[in-house]
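As a basis for the values below, the full set of heavy atoms in this structure was taken, side chains included, without hydrogen atoms, waters or symmetry mates. Numbers here simply count residues along the sequence, with the first being 1.
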Amino acid sequence: QVQFVESGGGLVQPGGSLRLSCAASGSISSIYAMAWYRQAPGKQRELVAVIRNDGTTNYLDSVKGRFTISRDNAKNTVYLQMNSLKPEDTAVYYCSKSPPEGWGQGTQVTVSS
């Protein structure tokens, strides 16, 4: 089973940017859909963005126009470029298949002044 390791989180001011990376332990080229999820304190985990092997994407309404998901099958890595960050984006971000199969440690994103 392919496992995922997330990185790139941190503390950023409102309006700032971060790029998250998700490194897979094996090939992702045969995985039809990869996704980023997030879980804020006291809230359920939610789907943020999904990307399919044909390049099509879907986003949570609240991040549309600010976040961009991409995948590099040759590097077995999925990315999430996050711009114009808001305090409500604060959460632990995870990547997995869509639908999800297991979770890694995630990476903390904190948006605060």
Side-chain angles (χ1 to χ4, degrees):
Q1 183 176 355
V2 178
Q3 296 181 324
F4 306 102
V5 178
E6 303 90 348
S7 63
L11 173 63
V12 63
Q13 293 186 341
S17 298
L18 284 174
R19 188 193 195 204
L20 305 184
S21 297
C22 169
S25 61
S27 175
I28 65 169
S29 59
S30 63
I31 299 175
Y32 175 64
M34 289 293 302
W36 283 95
Y37 305 81
R38 69 185 181 187
Q39 187 167 20
K43 296 187 177 180
Q44 289 189 333
R45 198 169 324 208
E46 62 181 353
L47 176 65
V48 176
V50 60
I51 184 167
R52 302 169 189 84
N53 253 337
D54 61 3
T56 58
T57 58
N58 289 98
Y59 296 91
L60 184 67
D61 282 348
S62 62
V63 308
K64 284 181 181 177
R66 300 189 297 120
F67 290 11
T68 303
I69 188 172
S70 59
R71 63 190 290 173
D72 186 335
N73 287 346
K75 294 183 178 180
N76 298 320
T77 303
V78 183
Y79 304 97
L80 186 68
Q81 177 67 44
M82 306 187 296
N83 300 327
S84 302
L85 282 161
K86 303 176 180 180
E88 51 264 43
D89 295 318
T90 295
V92 180
Y93 285 71
Y94 304 87
C95 74
S96 187
K97 300 178 181 180
S98 178
E101 292 183 10
W103 302 104
Q105 294 296 312
T107 186
Q108 175 71 49
V109 172
T110 303
V111 185
S112 175
S113 55

Just how far is it from atom [atom1] of [X] to atom [atom2] of [Y], taken to the nearest 0.5 Å?
{"X": "Arg19", "Y": "Ser70", "atom1": "CZ", "atom2": "OG", "result": "6.0 Å"}
{"X": "Arg66", "Y": "Ser17", "atom1": "CZ", "atom2": "OG", "result": "10.0 Å"}
{"X": "Asn73", "Y": "Ile28", "atom1": "CG", "atom2": "CD1", "result": "4.5 Å"}
{"X": "Glu101", "Y": "Phe4", "atom1": "CD", "atom2": "CZ", "result": "8.0 Å"}
{"X": "Ser113", "Y": "Leu11", "atom1": "OG", "atom2": "CG", "result": "9.5 Å"}
{"X": "Thr68", "Y": "Met82", "atom1": "OG1", "atom2": "CE", "result": "11.0 Å"}

How about Ser29 and Ser27: does a side-chain donor come under 3.5 Å of a side-chain acceptor?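 The answer is yes; a qualifying pair exists.
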Are [X] and [Y] joined in one hydrophobic group, where the rule is that I, L, V, M, F, W and Y side chains link up if heavy atoms are under 4.5 Å apart?
{"X": "Ile31", "Y": "Ile51", "value": "yes"}
{"X": "Tyr59", "Y": "Met34", "value": "yes"}
{"X": "Val111", "Y": "Leu80", "value": "yes"}
{"X": "Val5", "Y": "Tyr79", "value": "no"}
{"X": "Tyr93", "Y": "Val12", "value": "yes"}

Carefully, step by step, assess Phe67 and Trp36 under the rule ring-ring contact (aromatic ring centres under 6.0 Å, His included). CA-CA 11 Å; Phe67 290 11; Trp36 283 95; 10.0 Å; no
Between [Y] and [X], is there a side-chain heavy-atom distance shorter than 4.5 Å?
{"X": "Arg52", "Y": "Asn58", "result": "yes"}
{"X": "Glu46", "Y": "Leu60", "result": "yes"}
{"X": "Tyr94", "Y": "Gln39", "result": "yes"}
{"X": "Ile69", "Y": "Val50", "result": "no"}

Any side-chain to backbone donor/acceptor pair from Ser96 onto Gly102? Under 3.5 Å, distance only.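 Yes, the answer is positive, given that a donor and an acceptor are paired below the 3.5 Å cut-off.
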Are the charged groups of Lys64 and Asp61 less than 4.0 angstrom apart, N to O?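 Salt bridge between Lys64 and Asp61, a charged N being under 4.0 Å from a carboxylate O: yes.
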Working for side chain to side chain contact (heavy atoms under 4.5 Å, CB included), residues Val109 and Leu20: CA-CA 9 Å; Val109 172; Leu20 305 184; 4.0 Å; yes
Shortest non-hydrogen separation from Val2 to Gly26 and the atoms involved: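 Nearest heavy atoms, Val2 then Gly26: CG1-N, 3.8 Å.
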What verdict does the side chain to side chain contact (heavy atoms under 4.5 Å, CB included) test give for Val63 and Arg38, after you've listed the backbone C-alpha separation in whole Å, the side-chain angles of each residue and the deciding distance to 0.1 Å? CA-CA 12 Å; Val63 308; Arg38 69 185 181 187; 3.9 Å; yes
Side chain to side chain contact (heavy atoms under 4.5 Å, CB included) between Thr90 and Gln108, worked out: CA-CA 8 Å; Thr90 295; Gln108 175 71 49; 4.0 Å; yes
